[in-house]
Amino acid sequence: MPREGGSSGGMGRCGAALRLALEGNIAVGKSTFLKLLGATFPQWHLVTEPVAQWQKVPARGPAQAAVSSSNLLQMMYQEPARWSYTFQTFSFLSRLKAMLEPLDEPESPSPVQVFERSIYSDRYVFAKNLSEAGHLQPLEWAIYQDWHSFLLRQLGPRTVLHGLLYLRATPQTCLERLRRRARSEEQGIQLEYLQQLHAQHEQWLVEKSTEVHFADMKHTPVLVLDVEKDFEHDVAAQGGLMAQVKAFVT
Ligand code: DGT
């Protein structure tokens, strides 16, 4: 069970499936990478990030009827000081639900589950960064951390990941990919924000200087995958990346 303090190591499984998260900066190529994993390992269970849910959050009237919807992603980018805490509660909840969702076929031999981002990047990349940038008030950051730790301790082994795949590229490259895909909510994103998120990923996954509060996650193996060079249309690069993932899980 994940608990505060102590340590453990190795890619030990809990239950049948090996659970991995795919981490990396905004627009680094996680969705493309996930599709590649799906094509290479068709028996794996892949869970995409619910960005569409964040873009259309239903608001409910007194009788619980959906009266309208809000684009929380856009609200967070437009007014970060007002909406960051709300965003992090919602993104955490959607990530937790995805993680706790039972597999469709519990008896199937699906040996590996891969989640696009995780309840850990929610805290150790995004919420931490928003706190350091002053968009989460100290009180909000304290409350976030309190319920995050409490819930994960209560939920125990089901919230443990056995490995982390870190897609790594420079912030400049991510910015170019972000501009190319032109998601409307992200128009105002500047290089500085991607540099901050890059630094958070590096501290957490490479330098290991971020304090991780869960014993079962302190020594989770990390596979760093260099995707500075665009792999989307490069079959040889794709083969190299998939071979690294295969070696990591076996
Ligand atoms: P990809 O496939 O590597 O291009 O990845 P994206 O950009 O589709 O997916 P991702 O996870 O980087 O995020 C989608 C959008 O949501 C992006 O604008 C960043 C934002 N976002 C994701 N998670 C969080 C979070 O926990 N907090 C905040 N503030 N923003 C987040």
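One-based numbering, in listed order, for ligands and for the atoms of each. Not measured: the values here are computed from a predicted model.
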message = Would you say Y144 and D122 are linked by a side-chain donor-acceptor pair, where the criterion is simply a distance under 3.5 Å?
response = yes
key: Heavy atom of the protein closest to atom 17 (C) of ligand 1 (residue, atom name, distance)   = E186 OE2, 3.0 Å
query = If we only count N/O pairs under 3.5 Å, is Q88 in contact with ligand 1?
reply = yes
ask   = With a 4.0 Å heavy-atom cut-off (strictly under), which part of R177 contacts ligand 1: side chain, backbone, both or neither?
value = neither
Residue pair R168, E202: steps toward the salt bridge (Lys or Arg N to Asp or Glu O under 4.0 Å) verdict = CA-CA 9 Å; R168 188 197 218 176; E202 293 288 303; 2.7 Å; yes
query = Between G24 and ligand 1, is there a nitrogen or oxygen pair with a distance under 3.5 Å?
reply = no
Cationic N near anionic O, under 4.0 Å, R183 to E186 = yes
key: L73 N/O to ligand 1 N/O under 3.5 Å   = no
inquiry  = Counting only nitrogen or oxygen atoms and a 3.5 angstrom limit, does A27 reach ligand 1?
reply    = yes
inquiry  = Taking 4.0 Å as the limit for heavy-atom contacts, which would you say applies to E23 with ligand 1: side chain only, backbone only, both, or neither?
reply    = neither
Within 6.0 angstrom of K208 NZ, more than 12 heavy atoms from elsewhere = yes
task = Just say parallel, tilted or perpendicular for the rings of W204 and H201, cut-offs at 30° and 60°.
result = tilted
query = Can you find a non-hydrogen atom of R181 under 4.0 Å from ligand 1?
reply = yes
inquiry  = I'd like to know if L130 contacts ligand 1, where contact means a heavy-atom distance under 4.0 Å to any ligand atom.
reply    = yes
query = So S209 and Q203, side chain to side chain donor-acceptor pair (under 3.5 Å) or not? Walk me through it.
reply = CA-CA 5 Å; S209 56; Q203 288 161 25; 4.9 Å; no
ask   = So, N129 side chain and L197 main chain: donor-acceptor pair closer than 3.5 Å or not?
value = no
inquiry  = Using a 4.0 Å cutoff against the non-hydrogen atoms of M76, which atoms of ligand 1 qualify?
reply    = 28 (C), 29 (N), 30 (N)
inquiry  = Nearest 0.5 angstrom please: L37 CG to K30 NZ, how far?
reply    = 13.0 Å
ask   = Do the side-chain N and O atoms of R123 and H148 include a donor-acceptor pair separated by under 3.5 angstrom?
value = yes
Residue R95 vicinity, atoms of ligand 1 by number, heavy atom under 4.0 Å = 22 (C), 23 (N), 24 (C), 25 (C), 26 (O)
task = Work out whether the distance between some heavy atom of R183 and some atom of ligand 1 is less than 4.0 Å.
result = yes
task = Among all protein heavy atoms, pick out the one at the shortest distance from atom 12 (O) of ligand 1; state its residue, atom name and that distance to 0.1 Å.
result = R117 NH2, 2.8 Å
ask   = Which word best sums up how the rings of Y124 and H213 line up, parallel for under 30°, tilted for 30 to 60°, or perpendicular for over 60°?
value = parallel
ask   = Closest non-hydrogen protein atom to atom 25 (C) of ligand 1, residue and atom name please, with distance?
value = F126 CG, 3.1 Å
ask   = What's the shortest distance from atom 1 (P) of ligand 1 to any protein heavy atom, and which residue and atom give it?
value = K30 N, 3.4 Å
note = Atoms of ligand 1 under 4.0 Å from any heavy atom of D122, numbered from 1 in the order shown, are 26 (O)
key: Closest approach of any protein heavy atom to atom 13 (O) of ligand 1, naming residue and atom   = E49 OE1, 3.4 Å
ask   = Is it true that F33 lies under 4.0 Å from ligand 1, counting heavy atoms only?
value = no
Mode of S91 contact toward ligand 1 - side chain, backbone, both, neither (heavy atoms, under 4.0 Å) = side chain
message = I'd like to know if R117 pairs up with E49 as an ion pair, taking the criterion as any Lys NZ or Arg NE/NH1/NH2 lying under 4.0 Å from an Asp or Glu carboxylate oxygen.
response = yes
message = In this structure, does ligand 1 have an atom that sits under 4.0 Å from one of the heavy atoms of F92?
response = no
task = Do me a favour and list the nearest non-hydrogen protein atom to atom 20 (C) of ligand 1 with residue, atom name and distance?
result = Y77 OH, 3.6 Å
task = Output the distance between atom CZ (F214) and atom CZ (R153), rounded to the nearest 0.5 Å.
result = 7.5 Å
ask   = Any idea which atoms of ligand 1 are less than 4.0 Å away from a heavy-atom of G29?
value = 1 (P), 2 (O), 3 (O), 4 (O)
request  = Check whether any N or O atom of T32, backbone or side chain, sits under 3.5 Å from an N or O atom of ligand 1, and answer yes or no.
outcome  = no
Polar contact flag, side-chain donor to acceptor under 3.5 angstrom, Q195-Q190 = no
inquiry  = With a sphere of 6.0 Å drawn around CD of E207, does it hold more than 12 non-hydrogen atoms of other residues, nucleotides or ligands?
reply    = yes
